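Below you'll find the structure, written out as structure tokens, and then a few comments.
Read the numbers this way: they start at 1 and go in the same order the structure lists the ligands and their atoms. The figures here come from the full heavy-atom set of this structure, side chains too, leaving out hydrogens, waters and symmetry mates. All of these numbers come straight from a predicted model, not from anything done at the bench.
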Amino acid sequence: MATLRFPSSFVIGSATASYQIEGGVHEGGRGPSIWDTFSHTPGRVENGDTGDVADDHYHRWQDDLDLMSELGLQAYRFSIAWPRIQPTGAGAPNQAGLDFYRGLVDGLLARGIAPVATLYHWDLPQALEDAGGWPERDTALRFAEYAGHMVEALGDRVHTWTTFNEPWCAAFLGYGNGMHAPGRTDGAAALAAAHHMNLAHGLAVPEIRRIADPSAQVSITLNLHPTRELPSVPADESAEARRRASAVGDRIFLSPLLRGHYDADLIDDTAGVTDWSFLHPGDEQLIHQPIDFLGVNYYSTSAVRFDAAVSGPERVGAWPGEPALEFMRLPGPYTDMGWNIDPGALEELLVSLHEQYPEMPLMITENGAAFPDVVERRDGVAHVVDTDRVEYLRAHFAAAHRAIERGVDLRGYLVWSFLDNFEWSFGFSKRFGIVRVDYDSQERIVKDSGRFVQRLIETRTLDVD
Ligand code: FCB
């Protein structure tokens, strides 16, 4: 057994997102978002679940902040529901919406917890989708305006601003394979959406810098697609499949954001789907804004190859221009999502990003696991003995520690998620929380994993085998 120690500057906290926890969808003047529409469309979300009530955090946020304080969280990553601020996606900000987030941020500060605010975690105002959504360039301009309103209101007190959470999911699951809101299936629209999210980031960052306190950190969070080799896939095929997956999965964001241009292979690979006429002269320079760190969300890995049986018209999917790309599940163990557990890949991903972008500090803005938890009542006290989640977290914190030892400038680690919540198209069937939520009574129960995180923060140390 060994004991690992985390640097005192390493921030340990937890994360959530507005639509997944807030509820209160008709309160405080909030307008409808694409996730309200999508979740209320039969067949889109498991069990017909919606975020109408979710964790009722809109009403219980003070108690939730007290729980965060009890666990000693150093930072809390939450997202702002755009339709609470601009119910129709444009115009003057809605005071009740601003007040809600001001209360939350002040409550965090009063408890010594650093607020990490994400501006877009997928709940686009429905009115903007009705006007064409992210495939329309105007949505990027609207986003910069919304960002300006938020920074005017909270720029003196939010420690960290994140423009987007996982634009890959928002663009390619939202507009590519239709698994996420708004549920469209159009490869060209998905690529345009990705570009407009990049552009929206590029327009918002200078707004944030102009208005926010100079000490504020500005970032974006990506979900990258780390892949592993499989012995059954020939080396040449594997290399080409991985190159293609990285182009439209990862470099479509990394390259313009961090290098100032789209890669030529991406434009070539997707030429059958779009002519990229949505990319205007000067856009790449606009997107290439200095940021203070890159947020990385990591859960699992996969392998890729080509499916020889696919030819002819593109099948609708999350990988526009890549109809034959096939993602294969790697050997387990698996979480309740069916995702393989591969902590070594987190270390490798962090090291590889550090090698490619040596100047860019990194932060793990999400990592965690869904497991089918069981509540045990002992002497009238409820417990969730989620040893599988504790061990998942231990292994991934250890991987993060190895990355730091290998020279990665890793600033922190935010566990997904603080609360069990609405897991998008899986509804409430998947539990990621370190705090359990009983959706009937809204009772919160700190799981063993919550106590594990609490001890980690208290002691700054982690025991590993
Ligand atoms: C990420 C999302 C987050 C949550 C986790 C499990 O893709 O950013 O909202 O759903 O996955």
Side-chain angles (χ1 to χ4, degrees), residues 13-23 33-35 38-39 44-46 49-51 54-55 57 76-82 116-124 162-177 179-181 194 197 201 219-226 249-250 253 294-302 318 327 334-342 345-346 349 363-373 386 388-389 392-393 396 413-437 449:
S14 192
T16 64
S18 47
Y19 189 73
Q20 295 182 274
I21 65 164
E22 283 180 2
S33 78
I34 55 175
W35 268 98
F38 189 78
S39 65
R44 291 302 204 172
V45 175
E46 220 173 296
D49 291 342
T50 75
D55 295 342
H57 174 76
Y76 173 52
R77 173 179 184 253
F78 61 97
S79 78
I80 295 163
W82 185 351
V116 177
T118 300
L119 288 163
Y120 190 78
H121 200 128
W122 308 351
D123 37 8
L124 184 72
T162 302
T163 52
F164 280 81
N165 175 71
E166 300 191 356
W168 185 85
C169 290
F172 294 100
L173 304 183
Y175 295 89
N177 73 1
M179 274 271 293
H180 280 188
M197 290 180 200
H201 164 89
S219 65
I220 184 168
T221 280
L222 302 179
N223 64 308
L224 301 165
H225 298 82
D250 301 349
F253 301 106
L294 175 69
V296 177
N297 290 356
Y298 173 80
Y299 291 94
S300 97
T301 51
S302 57
F327 285 77
Y334 302 104
T335 69
D336 198 28
M337 296 296 285
W339 296 346
N340 63 309
I341 301 176
D342 187 351
L346 172 60
L349 173 64
M363 163 100 107
I364 299 167
T365 41
E366 283 182 27
N367 174 252
F371 287 107
D373 302 320
D386 57 340
D388 31 20
R389 185 175 293 103
Y392 179 100
L393 292 175
H396 287 78
Y413 192 130
L414 306 177
V415 175
W416 185 270
S417 174
F418 178 62
L419 298 172
D420 288 339
N421 61 50
F422 176 83
E423 177 49 34
W424 308 114
S425 54
F426 297 92
F428 296 105
S429 68
K430 307 293 179 200
R431 293 181 176 274
F432 274 92
I434 56 173
V435 173
R436 181 183 175 92
V437 176
S449 55

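- Taking a cutoff of 4.0 Å between a charged side-chain nitrogen and a carboxylate oxygen, Asp373 and Arg389 qualify as a salt bridge.
- The shortest N or O to N or O distance between Trp339 and ligand 1 is not below 3.5 Å.
- Residue contact check: Trp424 has heavy atoms under 4.0 Å from atoms 3 (C), 4 (C), 9 (O), 10 (O) of ligand 1.
- Checked by atom type and distance alone, the side chain of Asp420 pairs as donor or acceptor with a backbone atom of Gly433 at under 3.5 Å.
- The pair Lys430-Glu46 fails the salt-bridge criterion, with no side-chain N (NZ, NE, NH1 or NH2) lying under 4.0 Å from an Asp/Glu carboxylate O.
- Atoms of ligand 1 lying under 4.0 Å from any heavy atom of Phe432, numbered from 1 in the order shown and given with element: 6 (C).
- Checked against a 3.5 angstrom limit, the closest N/O atoms of Trp416 and ligand 1 fall outside it.
- Under a 4.0 angstrom heavy-atom cut-off, Asn165 registers as being in contact with ligand 1.
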Exercise. Begin from the C-alpha positions of Tyr76 and Thr16 and carry the test side-chain hydrogen bond (donor to acceptor under 3.5 Å, both in side chains) through to its verdict.
Key: CA-CA 8 Å; Tyr76 173 52; Thr16 64; 2.6 Å; yes

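- Tested against His396 for a side-chain contact (heavy atoms from CB on, under 4.5 Å), the candidates Ile364, Asp342, Val415, Leu346 yield a single pass: Leu346.
- Remark: minimum distance from atom 2 (C) of ligand 1 to any protein heavy atom is reached at Glu366 OE1, 3.4 Å.
- The closest non-hydrogen atom to atom 7 (O) of ligand 1, taken over His121, Gln20, Glu423, Glu166, comes from Glu166.
- Without hydrogens or angle criteria, Asn297 side chain to Asn223 main chain gives no donor-acceptor distance under 3.5 Å.
- Shortest contact from atom 5 (C) of ligand 1 to any protein heavy atom: Tyr299 OH, 3.3 Å.
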